Amino acid sequence: MNKTDIKNENNASIKPGNFITEIIDEDLKTNKYGGKVHTRFPPEPNGYLHIGHAKSICLNFGLAETYGGLCNLRFDDTNPTKEEVEYVDSIIEDLRWLGFDWGDRLYFASDYFEQLFEYAVKLIKKGKAYVDSLTMEEIRGYRGTHTEPGKESPYRNRSAEENLSLFERMRAGEFKEGEHVLRAKIDMSSPNMNLRDPIMYRIRHASHHRTDNKWCIYPMYDWAHGQSDSIEGITHSICTLEFENHRPLYDWFLDELEIYHPQQIEFARLNLSYTVMSKRKLLQLVEEQIVSGWDDPRMPTISALRRRGYTPESIRLFSERVGVAKRDNMIDVALLEHSIREDLNKRAMRVMAVLKPLKVVIENYPENQTEELDAINNPEDLSMGKRRVTFSREIFIEREDFLEFPPKKFFRLSPGTEVRLRYAYIIKCEKVIKDNKTGEVLELRCTYDPATKSGSGTSDKKVKGTIHWVSAVDAIEAEVRLYDRLFLVEDPSYEKEKDFMELINPNSLEILDTCKMEKSLLNSKPGDKFQFERLGYFCVDTVDTKEGKFVFNRTVPLRDTWAKISKTS
RNA sequence: UGCCCCGUGGUGUAAUUGGCAACACGUCUGACUCUGGAUCAGAAGAGUUCAGGUUCGAUCCCUGACGGGGCAGCCA
């Protein structure tokens, strides 16, 4: 099966091809792997997954799905000093949440430690690997530079017997960390640094999250990765560009071992504007408490996006849209935002909430009277039905929806003008009550036109604006958190002069704790998503929402044409 | 200074493998609207980094320059 066949079978699900599908199509045509496509996603459990990983996940699992193959989940857990179970748990949770399934193919590189050891013995016997006893500093010195070739270690020509014995003793724990390493014997003058006798094993007297204290020698990435791919029968081992120079080494090991040989293919990792993607930097943000944790909604991690209200569908859609290629890229965060708006527009229940309330008293509306008005849950999907909202003499409107001295094209409320209250009546602003000292607007006095009740058809009065509101009699109070980009510049890592920590947006979080919401929200549960009409998409926070205290996260604001107009004029 | 990879509208990705560049996001108009949302209609914006070469014809092939990225962890 190739791209063309997929098109024929289902026109609706054609995915754009890329250089990787081209390679696979070619391999299928030449029957390189017996018609098989088998990929893997190989995270190191040393941090949380982020949106860049999502691209890789969608690519690997997506390719398997597209070609009717399989994709394994394999933890690349070869460095016990940096890896933790907390991370493997979070990674599995995120992958499941994104909607991917690896069946019973959950693997760990540490599962292969014994096999890897045997492979190493094979190379030693073949004279292709040796135990080096230089210090770390000496090894660095012997490696040479980009322009000068390296020098061979004096230990390079130990006999196979001596190497074997030393390697066994390394495993047995007879040496201290740093005393010896196992190296591949390749070429100290190779222009490719990775081929200058790369280290295969180092001694670490550390307990591993899976193998505990069974091992005190641990394989390096290059030694573990290709062989793990081989053991699992991976056909296309897809990784990011920085491993391109490692491919000759990947191939060398497999060729010398004479075992099944998958092919490594490199693509450009995802970069998102106004954020950072390196795990080291994200960890720093967490440790220095710039954010509340890996799942702080401002983070680009999967857990943060989930908490912020992103859906798995929107992230998968985004991952499709960013494409796959080899050139460095910087994806506009607007594309991510577009993806979630598009998804939520179709599915999110609409509701009214006032973030920065301004009290309005409707003077000609009877005291103690209330009425229930029909409101549509989602104009994009009428099957979602209707709900009732309470209308009363006292309501709250958004402070921003009133301007005492309105500029041109301001369609909202101002002294003497009329505006429609969504699903209710048209009101007119009669009086502005202000604080004598500060001049702050405290309250509005309005009148309503009973003939303009929503849906009654008893008035053909037209107004330019419609605003949202919440009745004061049964409004529920809630906290709302508004998020903005975490960094002030598009590419915080690009700035040469400044450290990325100096480029943090000091206003990336705004907490509003006097928000008023319609009573229907009382039934909402953590994780529920809504569109607050005219404001944006919000979700009930899963961490800080407690019995009797609602906390909402703004996932993304609605497109705001007025903001653009008012900004430019 | 060495090696490897990459250069297509503001951003990202395409171009049936050599037939004068398409799609998405963004931007800007207009229509519609009881969300200044959504939707609909439309517009602007690249001659494919540059210079040679091959060819009837080059985004695509070749050469060179320029630009960007990666590589000197006992990290992955």
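Proteins come first, then strands; the chains are lettered A, B, ... in the order of their sequence lines, and each starts at number 1. For clarity, every value in this text was computed on a predicted model and none was experimentally measured.
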Self-check item: Within residues 175-188 of chain A: residues closer than 4.0 Å to RNA chain B (heavy atoms)
Solution: A:Gly178, A:Val181

Quiz item: For every nucleotide of nucleotides 40-50 of chain B, 5' to 3': is a protein heavy atom under 4.0 Å from its base (B), only from its sugar-phosphate (S), or from neither (-)?
Solution: -----------

Practice problem: Could you check whether A:Tyr218 gets within reach of a base, just the sugar-phosphate, or nothing at all, counting any heavy atom under 4.0 Å? | Solution: nothing

Self-check item: P-based separation of B:rC66 from B:rU54 [nearest Å]
Solution: 24 Å

Quiz item: Can you give the dot-bracket line for RNA chain B, where a pair is Watson-Crick or G-U wobble with both atom distances under 3.5 Å, crossing pairs use [ ], and | marks a partner on another strand?
Solution: .((((((..((((.....[..)))).(((((.......))))).....(((((..]....))))))))))).....

Quiz prompt | All salt bridge (Lys or Arg N to Asp or Glu O under 4.0 Å) counterparts of A:Asp374, not counting sequence neighbours | solution = A:Arg388

Self-check item: B:rG12 and B:rG7, which share atom name P, separated by this distance in whole Å
Solution: 12 Å

Self-check item: Aro-ring/base stack A:Trp562-B:rG36, d under 5.5 Å, angle under 30°
Solution: yes

Exercise. Let me have a per-nucleotide readout for nucleotides 4-14 of chain B, 5' to 3', with B, S or -, counting only protein heavy atoms under 4.0 Å.
Key: SSSSB--SSSS

Quiz item: Yes or no on side chain to side chain donor-acceptor pair (under 3.5 Å) for A:Asp491 and A:Tyr274, after CA distance, side-chain angles and deciding distance?
Solution: CA-CA 6 Å; A:Asp491 187 359; A:Tyr274 298 100; over 6 Å; no

Quiz item: Is the NZ or CZ atom of A:Arg420 positioned over A:Tyr425's six-membered ring, under 6.0 angstrom from the centre and within 45° of the axis?
Solution: no

Quiz prompt | Partner set under salt bridge (Lys or Arg N to Asp or Glu O under 4.0 Å) for A:Asp77, not counting sequence neighbours | solution = none

